[in-house]
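First comes the structure, then the notes that go with it.
Every chain is numbered from 1, with letters handed out A, B, ... down the list of sequences. This one's a predicted model, so the numbers in the text were calculated from it and none came from an experiment.
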Amino acid sequence: AVAYTNIIDIHARSGFHERAVQLFNEMREMNVQANIANYNSMLDCLGKAGNVKAAYMLFDEMKLCGCVPDLKTYSIMMCIHARLGLKQICLQLFEELQKAGLKPNTPILVAMIDCLGKAGNFNAAWSLFSEIKEQGYALDVVCYTRIIDICAKCGHYKQALEVYMELERKGLEPNVFTYNALIHCLGKSGDATAASNIFCEMKRRGCKPNIVTYNTLMDLYSKAGKPELSLEVFTGLEGGDIQPD
RNA sequence: AAAUAGACUGGU
């Protein structure tokens, strides 16, 4: 069982979600009892592989097998459903975990914000964000970055920037995900110049751009009718340590 | 506190 667990998790971490699921099934065929960690990592794999329905079935199955879902289980389940804007399921999971005596943590609360936003309920998402802060939850960079992205995806660019300023005010260090989300947000809002400025700022502050950064910039420049700049980004990749994909 | 959870792009 330990061997299976490790091999499965190695596949899961390297992005081979389908293979990890296969191994999990193999493990069960051999009547090896799955534990909470196996179930959690499988739910995550199924979600990442886009098989949310199967994840839900496995979630029911684990409960039937007497395996009690923990905070990570709920966090995984809520995140994969939130991505698709499946608000009802998220709400149901959210109630269920509280009935089970678990206390929602920040990843779970951000999943709620995410599903509200994706379901087109931005005001509710924004109030939940305020409420969480009032209740004294300490949000980290990941939470802030996700919220910036959620606002941007809802088309609320101004709020996205507000959240970014708040992150800075809290003394949190933006990372490459944060900058990428911001650049994307500014591009969508039609402000290619501001996006360029953020790109310069991230470099100035010692944050190394990655492939996502470059793809985002190239995309926004060409959409802004500035193919020269897009090409400039591309040629700038030459001689660097990032391979265009 | 063995191993498992949350964030970014390109018509996805």
Report, one line per pair, each donor and acceptor closer than 3.5 Å where one atom sits in a side chain of residues 82-89 of chain A; sequence neighbours left out.
none

Rounded distance in Å - [atom1] ([X]) to [atom2] ([N]):
X         : N      : atom1 : atom2 : answer
Leu58(A)  : rU4(B) : CG    : C1'   : 13 Å
Arg13(A)  : rA5(B) : CZ    : C1'   : 13 Å
Ile36(A)  : rU4(B) : CD1   : P     : 14 Å
Asn38(A)  : rA5(B) : CG    : C1'   : 14 Å
Tyr39(A)  : rA3(B) : OH    : C1'   : 17 Å
Met78(A)  : rA5(B) : CE    : C1'   : 12 Å
Leu97(A)  : rA5(B) : CG    : C1'   : 13 Å
Asn105(A) : rA5(B) : CG    : P     : 14 Å

List, one per line, each side-chain donor-acceptor pair under 3.5 Å for residues 12-21 of chain A, sequence neighbours excluded.
unit_1   : atom_1 : unit_2   : atom_2 : d
Ser14(A) : OG     : Ile10(A) : O      : 2.6
Arg19(A) : NH1    : Gln22(A) : OE1    : 2.6

Say whether Ser41(A) and Asp9(A), considering side chains only, have a donor N or O and an acceptor N or O under 3.5 Å apart.
->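 Ser41(A) vs Asp9(A): donor-acceptor pair found between side chains.
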Residues in side-chain hydrogen bond (donor to acceptor under 3.5 Å, both in side chains) contact with Lys158(A), at least two apart in sequence or another chain: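 Partners of Lys158(A) by the side-chain hydrogen bond (donor to acceptor under 3.5 Å, both in side chains) criterion come out as none, since no residue qualifies.
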Thr5(A): partners by side-chain hydrogen bond (donor to acceptor under 3.5 Å, both in side chains), with sequence neighbours left out:
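For Thr5(A), the residues satisfying side-chain hydrogen bond (donor to acceptor under 3.5 Å, both in side chains) (neighbours in sequence not counted) are Asn38(A).
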key: Within residues 226-245 of chain A or reaching into it, pairs that qualify as salt bridge (Lys or Arg N to Asp or Glu O under 4.0 Å) - sequence neighbours excluded   =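 Passing the test, one end in residues 226-245 of chain A: Lys208(A)-Asp241(A).
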Between rC8(B) and rU12(B), how many Å separate the two C1' atoms, rounded to a whole number?
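After rounding to an integer number of Å, I get 14 Å for this pair.
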Please find the pair of heavy atoms, one from Val52(A) and one from Ile80(A), that lie closest to each other, and give the distance.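 Closest heavy-atom pair between Val52(A) and Ile80(A): CG2-O, 4.4 Å.
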message: Over all strands shown, is Asp114(A) touching base, sugar-phosphate only, or nothing at heavy-atom distances under 4.0 angstrom?
response: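 Counting heavy atoms under 4.0 Å across all strands, no contact is made by Asp114(A).
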With B for base contact, S for sugar-phosphate-only contact and - for none (protein heavy atoms under 4.0 Å), nucleotides 6-12 of chain B reads BBBBB--
Next on the checklist: If you go through the side-chain atoms of Asp70(A), does one of them form a donor-acceptor pair with the base of rA5(B) closer than 3.5 Å?
Outcome noted: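 In this structure, the two groups form no donor-acceptor pair.
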